[in-house]
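The analysis underlying the following values was restricted to heavy atoms, covering all of them including side chains, and did not include hydrogens, waters or symmetry mates. Keep in mind that this is a model prediction, so the values were computed, not measured.
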Amino acid sequence: YTTLFRSNNAGIMPVAGFEEESAASIARQLDINLHAVLIGTQEAVKRMRPRGHGHIVNVASAAGKGGFPGVVTYCSTKFGVVGLCEALHAELYGSGVDVSCVMPAIVRTELTDGVPEHWMVKTQTPEQVADAIVGALKKPRLDVYVPNSLNALNRVMALVPRRGQSWFLRATKADRLLA
């Protein structure tokens, strides 16, 4: 039998201070970055669950695990995709349908034009993200970080109180990476 596979990969990332961002920009990001993923995922579940197998892969962002100034709405939409994957993973437990949430940091595409290199997070290529997706299809897992080193970093940061996390991001200038 053939495993059914569905991937949702969409996103726009206007950069602006939250108070200056237009309502139209917020609505467009919600529509493309979150609403479309919800609808696409729902359609995949409707087809896969009755068959008892399949794999849904949603591409979110590392920004879905931590907020960044200048891209508040983008981060909010990607937090939504991460939450969708976590909740759906629990809902589909035992159904034969796997869910993976791919969370790349900086990928060299038009979306990240102008984002500088940062010593802490190595820039990835679209091919490296594709390889991570293929890896998740071969060995299903919910959280797929690109690069994989973000997995360890996020685990360590989760042990640090919020104030310490914020200090670390400011001290390393990682908080300004997307702005």
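- Counting only heavy atoms from C-beta outward, the side chains of K138 and V134 approach each other to under 4.5 Å.
- The shortest heavy-atom contact between K78 and S61 is CG-CB, 3.7 Å.
- Residues I133 and V59 are in side-chain contact: their nearest non-hydrogen atoms beyond the backbone lie under 4.5 Å apart.
- By the neighbour-count criterion of 12 heavy atoms within 6.0 Å, atom CZ of R28 is sparsely surrounded, having that number or fewer from other residues, nucleotides or ligands.
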Quick one: do Q42 and L38 satisfy side-chain contact (heavy atoms from CB on, under 4.5 Å)? Show the steps, please.
CA-CA 6 Å; Q42 185 180 51; L38 284 161; over 6 Å; no
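- A 4.5 Å side-chain heavy-atom check between V45 and L92 finds at least one atom pair inside the cut-off.
- Using a 4.5 Å cut-off between side-chain heavy atoms of Ile, Leu, Val, Met, Phe, Trp and Tyr, with links allowed through other members, V102 and F79 fall into different hydrophobic clusters.
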Could you give me the CA-CA distance, side-chain angles and deciding distance for V82 and M103, then say whether side-chain contact (heavy atoms from CB on, under 4.5 Å) is met?
CA-CA 8 Å; V82 171; M103 294 168 282; 4.0 Å; yes
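- At a threshold of 4.5 Å between non-hydrogen side-chain atoms, the residues Q29 and E21 count as touching.
- Counting only heavy atoms from C-beta outward, the side chains of N33 and V81 never approach each other to under 4.5 Å.
- D131 meets the side chain to side chain donor-acceptor pair (under 3.5 Å) test with no other residue; sequence neighbours excluded.
- Here E86 pairs with K65 under the side chain to side chain donor-acceptor pair (under 3.5 Å) rule; sequence neighbours left out.
- Checking L34, V99, V37 one by one against L84, the side chain to side chain contact (heavy atoms under 4.5 Å, CB included) holds for a single residue, V37.
- When side chains are defined from C-beta on, P14 counts as touching I12, because their heavy atoms get closer than 4.5 Å.
- Scanning for salt bridge (charged side-chain N to carboxylate O under 4.0 Å, His left out) contacts around K46 gives E43, with sequence neighbours left out.
- A side-chain donor-acceptor contact under 3.5 Å links T77 to the backbone of Y74.
- At distances below 3.5 Å, not a single donor-acceptor pair connects side-chain atoms of R49 with backbone N or O atoms of R47.
- The closest side-chain heavy-atom distance from M48 to I56 is below 4.5 Å.
- For the pair S25/T73, no side-chain contact is recorded, criterion being any heavy-atom separation below 4.5 Å from C-beta on.
- Side-chain contact of S100 with N58: a donor-acceptor pair under 3.5 Å is absent, judged by distance alone.
- Taking each heavy atom of C75 and G66 in turn, the nearest pair found is SG-O, 4.1 Å.
- To the nearest 0.5 Å, atoms CG (L142) and NE2 (H89) are separated by 5.0 Å.
- Counting all heavy atoms, side chain and backbone alike, A62 lies closest to A105 at CB-CA, 3.9 Å.
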